[in-house]
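Below is one structure. I have some questions about it.
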2 protein chains.
Amino acid sequence: MLETCRSCVFNSVLFEGLSDEELNYLAGYASFEPFRKSDTVISQGDEVNFISFLKQGLLKVFRKNDDGKEQIISIAKPNDCVGLLTVFSDKHYQYSIAALEDSIIYYVELSRVKYILLQNGAFGMRLLGRVSLAADAIINNAYNIAKKNLRGRIAFILLEFADEIYRNDQFDLPLSRKEIGELIGMTTENVIRIFSEFRHDGILSISGKTITILNKQMLHSIEKFG
Amino acid sequence: MLETCRSCVFNSVLFEGLSDEELNYLAGYASFEPFRKSDTVISQGDEVNFISFLKQGLLKVFRKNDDGKEQIISIAKPNDCVGLLTVFSDKHYQYSIAALEDSIIYYVELSRVKYILLQNGAFGMRLLGRVSLAADAIINNAYNIAKKNLRGRIAFILLEFADEIYRNDQFDLPLSRKEIGELIGMTTENVIRIFSEFRHDGILSISGKTITILNKQMLHSIEKFG
DNA sequence: CGCGGCTTTGATGTTCATCAAGTAAAGTGG
DNA sequence: CCACTTTACTTGATGAACATCAAAGCCGCG
């Protein structure tokens, strides 16, 4: 298992700098699990026993509002440590997580991570950095989206899918129109309306879930000034 | 200095569990600085060399938008570790900080904290918990405010000042109407309009900066359903 | 005293959510 | 595999919430 771990991205992201002994201690109890599209990975309220790492696929992190509506907090992409932020602040997950595509998740026992944390201060410092960065990203994202108008928000997430997730100007949306609304805080109807608008303006070509970005420059300026 | 430190809240909040030796190592190079109302404490871009702790007073943490407008991220109150979140993720502050009231800030050298972090894993674990909690709080706050309507947002921050900061239903607002707008994402005009509305409805009594909450129950239900 | 920033109120227009209604697609059970 | 049900998608009409613009009084400060 050690060799596999050393070469796995999980290692390079989170566990770099650990000794072979430490890595073995973790790896011996590491595991992985495949999920099918739309499977539930974690339910709000579940006990936090593992650190989870998305090896392959795409997840949505979401929670239920007071009024019963779902709100998507973030999209996890490959090589993300899922829910790293809450692992150290709560014994129970405050969010649910579901697979948007077929996914593979690696687990390492949290108790073992904590054990090593106590021995190895440098590891703790790296973790601190990563947790802080993750928090910064979420906070920045939330503020950026909140201050944009609807067209700007749609442009923003389209560019995110194209540039950050699929690295291609044509891709299949892994989210329904409704879910997109839940992600960027607007109604389903307006998501559709603005998609149509962008299609009429020749910015997008849309066929069901398949999106092709035709005028990226325009999309960028809508995102910036929206 | 050791005795002072042991009894200081800074200690109980962040440095509990450290040995006398460790605490001395930090305390020997701790310092404090008083600020007058409206003084700048930290400027966006400053190098992060210290962990700062607000002993007394009130601060605003803010940043400039792309369009030049200021946006208030959070209000720091006594016993808060100011900017704890960015200390471990960046070498430079991404936010500016200014004093809303006369304040006293304690500093501990970051390099010394990091040195102890390397020696003492338990300290790292506590820090991780605190950083995660701070992030959770900011994220929750942002989402909660964003989904409220304007009356709900005003109710929310009035209750925050009354219950969390001043612990009194009468208090002097430390923020201008404009700053309140920057804090909860609305225009100055609408802040004023809703203040007036609340006054007419007998919920508040307003005299310049001095606010008295007359009908707290009403305010709570506006905050909840807004 | 006069200037600039803060406060206040009113009028106007834009943006967005909501409601309604219909079509298309995707599960589901016989 | 087909009828049936549900869920997703789409467009239009309407109204509410909110920003913007305008104008005037107020206050502190050099």
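Below, chains carry the letters A, B, ... as their sequence lines are ordered, and counting in each starts from 1. Since the model is a prediction, treat every value here as computed from it, not as a measurement.
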Contact summary for A:E179 and A:L100, nearest pair of heavy atoms |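 Scanning both residues completely, I find the closest heavy atoms to be OE2-CD2, 4.2 Å.
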Answer yes if the side chains of B:R63 and A:N140 hold a donor-acceptor pair under 3.5 Å, and no otherwise.
->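 Yes, because at least one side-chain N or O of B:R63 sits under 3.5 Å from a partner of the opposite role on A:N140.
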So which of residues 192-206 of chain A are in contact with DNA chain C, with a heavy-atom cut-off of under 4.0 Å?
->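 Within this stretch, A:R193 sit under 4.0 Å of the strand.
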Let me know the distance between CE of A:M186 and P of C:dT18, rounded to the nearest Å.
->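 After rounding, the reported distance stands at 12 Å.
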Just how far, in rounded Å, is P of C:dT15 from NZ of A:K148?
->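 It works out to 16 Å between those atoms.
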What closest approach, in Å, do A:L219 and A:L158 show between heavy atoms, and which atom pair accounts for it?
->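 Between these two residues, the closest heavy atoms are CD2-CB, 4.1 Å.
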Rounded to the Å, how far apart are A:E189 CD and C:dC16 C1'?
->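 Spelled out: CD on A:E189 to C1' on C:dC16 is 11 Å.
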Answer yes or no: is there a donor N or O on one side and an acceptor on the other, between the side chain of A:S52 and the main chain of A:Y107, under 3.5 Å?
->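 Answer holds: no.
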Return yes if some donor-acceptor pair links the side-chain N/O of B:Q44 with the main-chain N/O of B:Y95 below 3.5 Å, else return no.
->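 Side chain of B:Q44 to backbone of B:Y95: no pair is present.
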What integer distance in Å separates B:N149:CG from C:dA17:P?
->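 Atom CG in B:N149 sits about 13 Å away from atom P in C:dA17.
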Could you grab the distance from atom CD of A:E47 to atom CG of A:L110, nearest 0.5 Å is fine?
->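 Separation between the atoms: 10.0 Å.
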5' to 3', nucleotides 21-27 of chain C under a 4.0 Å protein heavy-atom cut-off (B base, S sugar-phosphate only, - none) gives -------
Remember a base hit wins even if backbone is also touched, and classify A:S176 as base, sugar-phosphate or nothing at under 4.0 Å, heavy atoms.
->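 Sugar-phosphate contact only - A:S176 comes under 4.0 Å of backbone atoms but never of a base.
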Only counting residues at least two apart or in another chain, list the ones meeting side-chain hydrogen bond (donor to acceptor under 3.5 Å, both in side chains) with B:Y93.
->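 Expected list: none.
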What's the CD-P distance between B:E70 and C:dG5, to the nearest Å?
->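 The distance from CD of B:E70 to P of C:dG5 comes to 13 Å, rounded to the nearest Å.
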List in chain and number order the residues that pass side-chain hydrogen bond (donor to acceptor under 3.5 Å, both in side chains) with B:K77, two or more places apart in sequence or in another chain; answer none if no residue qualifies.
->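 Per chain and number, B:K77 pairs via side-chain hydrogen bond (donor to acceptor under 3.5 Å, both in side chains) with no residue.
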Nearest-Å distance, CG (A:L150) to C1' (C:dT18)?
->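 Checked: the CG to C1' distance equals 14 Å.
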Could you give all pairs that pass the side chain to side chain donor-acceptor pair (under 3.5 Å) test and reach residues 209-226 of chain B, with sequence neighbours left out?
->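 Qualifying pairs: B:K148-B:E223, B:D163-B:K216, B:D169-B:K216, B:Q170-B:T212, B:D172-B:T210.
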Report yes if at least one side-chain N or O of A:N190 is closer than 4.0 Å to OP1 or OP2 of C:dC16; otherwise report no.
->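 For C:dC16, neither OP1 nor OP2 has a side-chain N or O of A:N190 closer than 4.0 Å.
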How would you give the extent of chain A contacts on DNA chain D, as first and last nucleotide 5' to 3' within a 4.0 Å heavy-atom cut-off?
->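 Endpoints of the contacted stretch of DNA chain D: D:dC9 to D:dA13.
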Any donor-acceptor pair under 3.5 Å linking the side chain of A:R36 with the backbone of A:D102?
->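 Between the backbone of A:D102 and the side chain of A:R36 there is no qualifying donor-acceptor contact (under 3.5 Å).
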Could you label the plane-to-plane angle of the B:F171 and B:F161 rings as parallel, tilted or perpendicular, counting under 30° as parallel and over 60° as perpendicular?
->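 Because their plane-to-plane angle lies in the 30° to 60° range, the rings of B:F171 and B:F161 count as tilted.
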